[in-house]
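Below, chain A is the first sequence line, B the second, and so on; all start at residue 1.
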Protein chains: 2
Amino acid sequence: MAEIFKRLPSLPSERALKVISGRWKAVILYHLFDGPRRLSELRRLVPAVSQKVLIQQLREMEEHGLVHREIFREVPPRVEYSATALGQSLEPVLLALCEWGQRHAEELGEVDQVGDCIIRPRQGA
Amino acid sequence: MAEIFKRLPSLPSERALKVISGRWKAVILYHLFDGPRRLSELRRLVPAVSQKVLIQQLREMEEHGLVHREIFREVPPRVEYSATALGQSLEPVLLALCEWGQRHAEELGEVDQVGDCIIRPRQGA
DNA sequence: TTCCATACTGACCTGTTGGTAACCATGGCC
DNA sequence: GGCCATGGTTACCAACAGGTCAGTATGGAA
């Protein structure tokens, strides 16, 4: 594992941006907000990502403390990814970004091109 | 000028991230929140950016409706960059990011490595 | 023995970002 | 005519993110 501690920006907002902005991180997080997910599940949920990149994004988020990775030594092996408290604390931030993104789309007359900000309400687990 | 209309992501949060995350955009925006700034001023305020990249970031933000560019045909020529209403509406979002960035730094024991979230209070103009 | 499922890893390629350094255009001033 | 300031542009590069595709490891099932 790369021990090289890549330092994050010292400007907090830049730090946050750096940590959140990966091609698939927002989507992955949305799914993890709903509860722990196995890799295979995430692959189903986000079919557009390749396995390699999916793992890549997850590992980066793990390194940044957003995601917890738990290995269950079963057969076949099972690995569960879940959002840490720190990860969960991103929910309102992502919501703010989402709402602003919508406003942005509106002001540029591209509302039809964007989805909504519904974050699936926590379901049981 | 490249007429190719690069479409932004349709997931609003990703759209927002795409629009905000450029190496210097946050810093530039902070300065523009305080009022219009000339290019030369911004160069002074953010000495670490090269002129090319500075203009690049400004133009991208202009294209995305965050920044307004006004040319005063004087001698020597003057150009002012200012935050549009849409740009100003990013202030709370950046604040949210900043606060989260601080929390992130805290939880990873790197508080000492980050600055604060003070957004200079609007001064007159 | 071969096959399958899981969860990875590695080689390789490409487009985008950010960076350096140099050059251009205008028009006043000396 | 040279020089200055402003506000750019251009050519060129290096680093990196993300993408494809193929390979690895484990251990039960057939």
Whole-Å distance between [N] [atom2] and [X] [atom1]?
X        : N       : atom1 : atom2 : answer
Arg73(A) : dG27(D) : CZ    : C1'   : 12 Å
Arg69(A) : dT6(C)  : CZ    : P     : 16 Å
Ile55(B) : dT6(D)  : CD1   : C1'   : 11 Å
Gln56(B) : dT16(C) : CD    : P     : 13 Å
Glu14(B) : dG18(D) : CD    : C1'   : 13 Å
Leu54(A) : dA7(C)  : CG    : P     : 11 Å
Glu80(B) : dG7(D)  : CD    : P     : 10 Å
Arg44(A) : dT6(C)  : CZ    : P     : 11 Å

Can you name the closest pair of heavy atoms from Gly87(B) and Phe33(B) and give their distance?
O-CE2, 3.4 Å
To the nearest 0.5 Å, tell me how far Ile20(B) CD1 sits from Leu66(B) CG.
8.0 Å
Output for pair (Leu32(A) CG, His68(A) NE2), nearest 0.5 Å, gives 12.0 Å
Sugar-phosphate, base or nothing in reach of [X], heavy atoms under 4.0 Å:
X        : answer
Ser50(A) : base
Glu41(B) : nothing
Tyr81(B) : sugar-phosphate

Can you confirm whether more than 12 heavy atoms, excluding those of Arg78(B), are under 6.0 Å from its CZ atom?
yes
Determine whether any donor atom in the side chain of Lys52(B) lies under 3.5 Å from an acceptor atom in the base of dG19(C), or the reverse, and answer yes or no.
yes
